There are 2 protein chains.
Amino acid sequence: MTVTGSRGRRERLRAETTTEIKKVALALMASGGPDAITLRAIAREMGMTANAIYGYFATRDDLVTTLINDVYTALADAVDAAWEAAPAADPAVRIEAWANAFRTWALVNPQGFRLIYGDPVPGYQAPEGGPAPDAARRVCTGLTALAAAAWPHAQHLYQDSAFDWSDFDPGLLDKVRPAFPDLPPAAVALALRIWGHLHGLVSLEVYGHLHTQTASPDKLFHEELAQLVQTLGIPRRR
Amino acid sequence: MTVTGSRGRRERLRAETTTEIKKVALALMASGGPDAITLRAIAREMGMTANAIYGYFATRDDLVTTLINDVYTALADAVDAAWEAAPAADPAVRIEAWANAFRTWALVNPQGFRLIYGDPVPGYQAPEGGPAPDAARRVCTGLTALAAAAWPHAQHLYQDSAFDWSDFDPGLLDKVRPAFPDLPPAAVALALRIWGHLHGLVSLEVYGHLHTQTASPDKLFHEELAQLVQTLGIPRRR
DNA sequence: GCAGAAACTATACGCCGTGAAGTTTTGATA
DNA sequence: TATCAAAACTTCACGGCGTATAGTTTCTGC
């Protein structure tokens with residue numbers, strides 16, 4: 001056993017190579033879109049043979065799944081951080097912080113957004129349960145926190161909601177219900193609806209469909225947010 | 001000149017072959033997703049060589065652009081028809097008809113939805129101005145009709161809208177302003193926001209992201225619609 | 001020092017879009 | 001009706017892709 005430990009050395013090199021593969025793949029994606037993630041291009045960039053990558057990832061889809069996980073986690077980190085940084089006492093500001101962080105992340109990482117939410121790569125087949133179930137649930141849980149913050153003001157809008165706990169994924173509820181014990185199913189539905197609102201505007205923008213119709217997607221998003229807060233009945237401070 | 005006209009014959013055969021290429025391409029897409037649209041597969045299906053297709057479409061991207069146009073037009077036809085079929089006197093019903101037609105079309109033609117709104121095909125590069133500007137504008141115009149129907153009830157929500165005619169694409173306004181002369185810019189913004197709401201929920205559903213969280217996307221969409229109509233202040237009949 | 005494992009390369013197969021060149025089919029004209 | 005150019009189509013080729021198989025190098029633990 002040397003100082004670093006000889007068995008540790010191999011593992012360290014292995015981990016470094018794995019990291020480099022992912023780093024190069026993300027760089028290729030950033031410059032050429034998810035389509036540019038090819039084993040041969042990664043290998044070329046690293047001075048290796050394409051087949052060498054098979055020592056680290058069983059298939060290209062495995063690599064892509066890992067990338068989706070990493071990128072989705074980064075998105076979840078970004079929105080969580082924005083949420084935490086905003087004052088808990090002001091739901092309106094907090095919700096806007098979350099939403100703006102979501103959109104900003106998407107505009108800064110458009111290719112990452114496509115990787116997560118679009119068709120990631122030519123023939124990619126997502127594994128069962130989705131490629132990044134944990135990160136997806138983190139985002140959903142964050143959205144539920146939005147809904148929970150709004151719920152005291154908004155609940156009157158959902159008197160006749162037909163939702164039931166059985167309508168939702170148990171894995172999501174395992175995270176959500178302990179965190180917000182008093183929240184009814186309708187609030188989780190509200191969270192998903194808000195997700196839809198934000199995802200729709202952002203994805204139209206990222207995919208260039210909005211830009212064809214308006215030069216001011218910014219205004220649109222901010223007006224959406226203002227209306228959302230207003231519709232939810234959240235009082236504006238000051 | 002024969003009965004059919006000899007010059008007409010060549011053109012007719014040509015048109016038929018063109019149609020068949022598109023038909024086969026759409027069939028491949030329906031069964032295997034947009035990725036399955038390959039010149040070689042189409043040719044194989046038609047008993048031709050891949051290169052023969054170059055006599056009809058300059059490149060694969062040209063073919064894809066044409067397909068997007070066709071499919072987007074079919075979507076526009078579907079929502080327009082639903083709108084026209086619903087009673088003009090009842091804005092709530094009409095808006096729900098439009099939205100349900102949009103979602104239903106997407107669920108029946110998920111691959112078409114991906115073709116239009118996602119990354120259509122591996123290396124596809126959309127032409128300038130988008131692949132199907134006319135169909136896109138038809139959908140937007142339809143959305144503006146929704147907003148126009150709601151506007152008498154909803155305008156009080158948009159007192160402090162910062163939108164201006166210059167925020168929108170002139171091509172869109174050319175269609176919209178003559179049709180709805182009294183509509184302010186804020187109403188067009190509302191149309192785009194509604195687009196975002198619907199597109200978000202539908203695309204999350206089509207891409208399988210919703211299904212991971214809820215087993216009842218139907219309920220979610222219908223609740224969204226009910227809330228939308230309510231938020232817009234549209235009176236419910238009966 | 002050496003066996004064995006781990007990391008990597010070489011070669012090959014079948015997919016893809018597409019360019020260049022050659023062949024067949026077809027329809028108008030002399 | 002024979003002819004000839006244009007249109008329709010095929011053949012061959014190139015480089016790119018994922019990946020399977022087999023072979024080679026390099027490192028580690030005894």
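Naming convention: chains lettered A, B, ... in sequence-line order (proteins, then strands); numbering from 1 in each chain. Worth knowing before you read on, the calculation uses all heavy atoms, side chains too, and leaves out hydrogens, waters and symmetry mates. Keep in mind it's a predicted model, so treat the numbers as computed, not measured.
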**Q.** Rounded distance in Å - CE (Met46(A)) to C1' (dC8(C))
**A.** 12 Å
Q | Nearest-Å distance for atom pair CG/P, residues Asp61(A) and dT19(D) | A |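 Nearest whole value for this atom pair: 7 Å.
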Q.
Using a heavy-atom cut-off of 4.0 Å across all strands, would you classify Phe57(A) as base, sugar-phosphate, or nothing?
A. nothing
Q) If only atom types and distance count, is the side chain of Asp61(B) paired as donor or acceptor with the main-chain N or O of Gln125(B) below 3.5 Å? A) yes
Q | Pairs meeting criterion salt bridge (charged side-chain N to carboxylate O under 4.0 Å, His left out) with involvement of residues 197-219 of chain B, two or more places apart | A |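 Passing the test, one end in residues 197-219 of chain B: Asp167(A)-Lys219(B), Arg103(B)-Glu205(B), Arg103(B)-Asp218(B).
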Q | Test side-chain contact (heavy atoms from CB on, under 4.5 Å) applied to Ala78(B) - qualifying residues, sequence neighbours left out | A |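 If we apply the side-chain contact (heavy atoms from CB on, under 4.5 Å) test to Ala78(B), skipping adjacent residues, the hits are Trp105(B).
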Q: Grab the CG-P distance between Asp62(A) and dA20(D) for me, whole Å please.
A: 11 Å
(Q) Tell me the interatomic distance from Arg12(B), atom CZ, to dA8(D), atom P, rounded to whole angstroms. (A) 14 Å
Q) Heavy atoms under 4.0 Å, any strand shown: does Thr17(B) hit a base, just sugar-phosphate, or nothing? A) nothing
Q.
Measure CD1/Ile21(A) against P/dA7(C) and give the value in whole Å, please.
A.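 Atom-to-atom, Ile21(A) to dA7(C), this comes out as 11 Å.
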Hey, what are the protein-to-nucleotides 14-17 of chain D N/O distances that come in under 3.5 Å?
from    : atom 1 : to       : atom 2 : distance (Å)
dC17(D) : OP1    : Thr38(A) : OG1    : 3.2
dC17(D) : OP1    : Arg44(A) : NH2    : 3.1
dC17(D) : OP2    : Arg44(A) : NH2    : 2.5

Q) Parallel under 30°, tilted from 30 to 60°, perpendicular over 60°: which one fits the rings of Tyr117(A) and Phe113(A)? A)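 Correct class here is tilted.
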Q) Contact class for Tyr124(B) vs. all strands (heavy atom < 4.0 Å): base, sugar-phosphate, or nothing? A) nothing
Q. What residue pairs, at least two apart or across chains, pass salt bridge (charged side-chain N to carboxylate O under 4.0 Å, His left out) with a residue in residues 190-199 of chain B?
A.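 For residues 190-199 of chain B, and leaving out neighbouring residues, the salt bridge (charged side-chain N to carboxylate O under 4.0 Å, His left out) pairs sorted by first residue read Glu224(A)-Arg193(B).
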Q) Taking only residues two or more places apart in sequence, or in another chain, which ones meet Leu26(A) in a side-chain contact (heavy atoms from CB on, under 4.5 Å)? A) Met29(A), Leu67(A), Val71(A)
Q) What's the CD-P distance between Glu11(B) and dA6(D), to the nearest Å? A) 17 Å
Q) What residues in residues 47-54 of chain A put a non-hydrogen atom under 4.0 Å from any atom of DNA chain C? A)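 Those residues whose heavy atoms fall under 4.0 Å from DNA chain C, taken from residues 47-54 of chain A in numerical order, are Met48(A), Thr49(A), Asn51(A), Ala52(A).
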(Q) If we ignore hydrogens and angles and just use 3.5 Å, is the side chain of Asn69(B) paired with the main-chain N or O of Pro131(B) as donor and acceptor? (A)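 Such a contact is found between Asn69(B) side chain and Pro131(B) backbone.
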Q) Heavy atoms, side chains only, cut-off 4.5 Å: are Leu143(B) and Trp98(B) in contact? A)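 Yes, close enough: below the 4.5 Å cut-off.
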Q. Can any side-chain N or O of Thr49(B) pair as donor or acceptor with the backbone N or O of Asn51(B) at less than 3.5 Å?
A. no
**Q.** Atom-pair distance (CG on Leu28(B); P on dC16(C)), nearest Å
**A.** 10 Å
Q: Please check the phosphate of dA7(C) (OP1 and OP2 only) for any side-chain N or O of Arg14(A) closer than 4.0 Å.
A: yes
Q. Starting at CG of Leu13(B) and ending at C1' of dA8(D), how long is that distance when rounded to a whole Å?
A. 11 Å
